[in-house]
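Step one of this worksheet: look at the structure below.
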Number of protein chains: 2
Amino acid sequence: MPRIGLDLPTLIQAAAELADAQGLEAVTLASVAQKLRIRSPSLYNHVNGLPDLRRHLALKGLDLLTAELNGAAQGQTGDAAVYALANAYLAFARKHPGLYEAIQRAPDGGDELLAAKSGELVGRIVGALSEYGLKGDAALHAVRVFRSMLHGFVSLERQGGFGLPLGLDATFQMMIEIFLTGIRKL
Amino acid sequence: MPRIGLDLPTLIQAAAELADAQGLEAVTLASVAQKLRIRSPSLYNHVNGLPDLRRHLALKGLDLLTAELNGAAQGQTGDAAVYALANAYLAFARKHPGLYEAIQRAPDGGDELLAAKSGELVGRIVGALSEYGLKGDAALHAVRVFRSMLHGFVSLERQGGFGLPLGLDATFQMMIEIFLTGIRKL
DNA sequence: ATGATGAAACTAATGATATTAGTTTTGGAG
DNA sequence: CTCCAAAACTAATATCATTAGTTTCATCAT
């Protein structure tokens, strides 16, 4: 039994790589343990079972995504900020499909940390849309619509729901355009 | 061994009820067999394993959804048709969350029947948007954007991604409005 | 140096699942 | 009434998560 020196970040990193390469379904305690050259019960020294491992993946995904969005929106304002945010969101989902899926499938009921990180991400979007003079409920609705569009596109694209992948980037840009045109009319 | 007289439609119906009540994850051969008071290996007389069962759920979901959309769009034209389609889509996803999930998670690679039914559904949407004078690629993009919005909203709503469920219907209506405003400007 | 301690690995065992193989029963066609 | 194929069954295997209990070793206090 050589002492490997495994720690939580290394474990989550291995799981994240598996998720991004083969999908979240492929992340089992058995597969992660095999990748780390360890027996699966040993993982319980770092993580509280499969649900907890998935939760950590979601947390890592939220951290990464938030960081990407923050970086992309740096110094941008108005339409440029919205486009930057949207494109960074799409880029993240394409680069980290497994982590993206982990974010979506995380049950946020009662999980304070998860809710906080999730709220931080939404806050970034709220900020970008705050310049459009939307008042009260309209602002809330606009943020929800924006998120729906982004997530719907990413989700359909990943699942191959669009058929031929031709012109997907153009579709995405047009979607943002439609959104901006729409909310200016409100 | 009393002969139960189980057939494929009954089996799929039982699985669909389980899916809608407890989520697609809860649909296992074991759980379906228990609901039918049968041993799980017996299911192989009707279905070719769990993946095949999931496929049948997706097919049933597509049939139901397409029927709902067809009914809702009957005789409607223009904006009314788009609203009717969107609302029927949302209503279906709320009423049949398990079947909706089954549709999304179905791998359509190489499955002709699945692809055909999927195409039929998309065709219904194409029809509703054909009156807006979109030419060539623009029409393709518009359909994709519409589907992204619908799916994104439904998906986030189901997962609780919007936080408080307050005003979700208003958000949805505004989303359609934004879409229609946007594509008229093209 | 050395020895105790606790963390981190292990083995063993249990229970759920899907799946395959082979067996039994029975409803219905001839 | 007989036979047969379909539809149920039992038995067995493999994979997975999880729990319990065991061993080892790195580190820190002596």
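Below, chain A is the first sequence line, B the second, and so on; all start at residue 1. We use all heavy atoms of the structure for the numbers below, so side chains are in, but hydrogens, waters and symmetry mates are not. Not measured: the values here are computed from a predicted model.
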Inset, instruction - Give every residue pair that meets the ring pair (Phe, Tyr, Trp, His ring centres under 6.0 Å) criterion with at least one member in residues 85-125 of chain B, sequence neighbours excluded. - result: B:Y89-B:Y100, B:F92-B:H96, B:Y100-B:H151
If you check every side-chain atom of [X], which of [options] has the closest atom?
| X | options | answer |
| --- | --- | --- |
| A:T28 | C:dA18, D:dT18, D:dC16 | D:dC16 |
| A:S40 | C:dT19, D:dT18, C:dT17 | D:dT18 |
| A:R39 | D:dA17, C:dT11, C:dT20 | C:dT11 |
| A:L6 | C:dA9, D:dA8, D:dT18 | C:dA9 |
| A:P51 | D:dA8, D:dT18, C:dA9 | D:dT18 |
| B:H46 | D:dA8, D:dC16, C:dA18 | D:dA8 |
| B:P41 | D:dT19, D:dA8, D:dA11 | D:dA11 |
| B:A30 | C:dA18, C:dA9, D:dA17 | C:dA18 |

Inset, instruction - Tell me whether the OP1 or OP2 atom of C:dA8 has a side-chain N or O from A:S42 closer than 4.0 Å. - result: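 It does not, given that no N or O in the side chain of A:S42 lies less than 4.0 Å from OP1 or OP2 of C:dA8.
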Inset, instruction - Report whether A:Y44 and A:V27 are members of the same hydrophobic cluster (ILVMFWY, side-chain heavy atoms less than 4.5 Å apart, transitive linking). - result: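 Yes: a chain of side-chain contacts under 4.5 Å links A:Y44 to A:V27.
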Legend entry - Residues A:E157, A:R94: salt bridge by 4.0 Å N-O rule: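 Answer for the salt bridge query: yes.
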